[in-house]
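Bear in mind the structure is a predicted one, so any value in this text is a computation, not a measurement.
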Amino acid sequence: MRYINGEDLLAALDEAEAGPEPDDLQGAPMIVNWFLIWREGDVVRADGDVHGHPTIDDPWVTTSPVLGYDYDFDREEGWLRSISRWYRLGRLREVPVSPEQARRDALSAASHHLARQRSDWRGQYGPSR
């Protein structure tokens, strides 16, 4: 995980849990063909094709640790807050999994992992303001 002090991490966690303000997503990079990834004992990250990132020219990105996200399957859009920044989410990665419920279940598992991750960080760095 890239360096971030505890106070900044707690502020970013608060932002992620509250969801974006309208201005947060204006000009935010877009990730399409994305999915959430993690290994045992590691943090959740997103990877996919990124457009409009201010510092990354490569079309493929793996984000800094994800703090929160929301995705609407029907509209194929949403948002994601990583430690570094806000992202707009587009279409999910096509995976050879059937039925569609399996993709929903995988994202639900990631949400549970994220909740534990946020709780661990809050315990480590103290309560939010």
Side-chain angles (χ1 to χ4, degrees):
M1 181 167 74
R2 78 179 187 93
Y3 175 78
I4 185 171
N5 68 43
E7 187 174 312
D8 289 345
L9 176 61
L10 291 173
L13 285 169
D14 288 344
E15 290 176 3
E17 290 171 348
E21 297 291 328
D23 290 347
D24 291 331
L25 298 179
Q26 282 188 327
M30 168 73 82
I31 302 177
V32 296
N33 189 32
W34 68 277
F35 214 76
L36 298 175
I37 58 170
W38 72 95
R39 292 183 196 93
E40 187 63 36
D42 197 6
V43 296
V44 175
R45 298 174 188 270
D47 68 9
D49 299 319
V50 67
H51 306 282
H53 197 286
T55 62
I56 298 175
D57 292 330
D58 192 329
W60 184 260
V61 68
T62 299
T63 68
S64 60
V66 172
L67 303 179
Y69 78 97
D70 186 55
Y71 187 71
D72 184 321
F73 278 88
D74 295 328
R75 297 176 61 183
E76 294 189 320
E77 66 181 32
W79 59 265
L80 180 142
R81 177 66 163 100
S82 74
I83 283 180
S84 302
R85 69 187 70 257
W86 291 99
Y87 289 91
R88 294 173 295 131
L89 296 175
R91 177 186 33 80
L92 275 169
R93 179 173 305 138
E94 291 294 326
V95 292
V97 178
S98 184
E100 173 69 19
Q101 187 61 41
R103 291 185 340 154
R104 292 174 188 260
D105 291 346
L107 288 181
S108 177
S111 291
H112 293 294
H113 189 76
L114 279 171
R116 285 192 307 273
Q117 183 176 291
R118 286 192 302 262
S119 177
D120 290 348
W121 281 333
R122 287 198 186 280
Q124 182 177 355
Y125 294 105
S128 62
R129 295 170 295 292

[X] side chain vs [Y] backbone, donor-acceptor pair below 3.5 Å:
{"X": "R81", "Y": "I83", "result": "yes"}
{"X": "R45", "Y": "I37", "result": "no"}
{"X": "Y71", "Y": "G90", "result": "yes"}
{"X": "R93", "Y": "D47", "result": "yes"}

Calculate, to the nearest 0.5 Å, the distance between atoms [atom1] and [atom2] belonging to [X] and [Y] respectively.
{"X": "S84", "Y": "I56", "atom1": "OG", "atom2": "CD1", "value": "8.0 Å"}
{"X": "D14", "Y": "R118", "atom1": "CG", "atom2": "CZ", "value": "10.5 Å"}
{"X": "M30", "Y": "L89", "atom1": "CE", "atom2": "CG", "value": "8.0 Å"}
{"X": "R88", "Y": "I31", "atom1": "CZ", "atom2": "CD1", "value": "10.5 Å"}
{"X": "H113", "Y": "S108", "atom1": "NE2", "atom2": "OG", "value": "13.5 Å"}

>> Applying side chain to side chain contact (heavy atoms under 4.5 Å, CB included) to Y125 and D8, what does each step give before you reach the verdict?
In response: CA-CA 10 Å; Y125 294 105; D8 289 345; over 6 Å; no
> Is D23 close to W86 at the side-chain level, that is, under 4.5 Å between some pair of heavy atoms?
Replying inline: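 No, side chains not in contact.
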> Quick one: are E76 and L92 in side-chain contact, heavy atoms under 4.5 Å?
Replying inline: no
> Between G68 and A16, which heavy-atom pair has the shortest distance, and what is it?
Replying inline: N-CB, 3.9 Å
>> Can you give me the closest heavy-atom contact between A110 and V44, atom names plus distance?
In response: O-CG2, 4.3 Å
With a 4.5 Å cut-off on side-chain heavy-atom distances among I, L, V, M, F, W and Y, is there a chain of contacts connecting [X] to [Y]?
{"X": "W79", "Y": "L36", "value": "no"}
{"X": "V66", "Y": "L107", "value": "yes"}
{"X": "F73", "Y": "F35", "value": "yes"}

> Near E21 CD, under 6.0 Å, is it more than 12 heavy atoms from other residues, nucleotides or ligands?
Replying inline: no
>> Using 30° and 60° as the class boundaries, would you call the ring planes of Y69 and W34 parallel, tilted or perpendicular?
In response: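 The rings of Y69 and W34 stand perpendicular, inter-plane angle above 60°.
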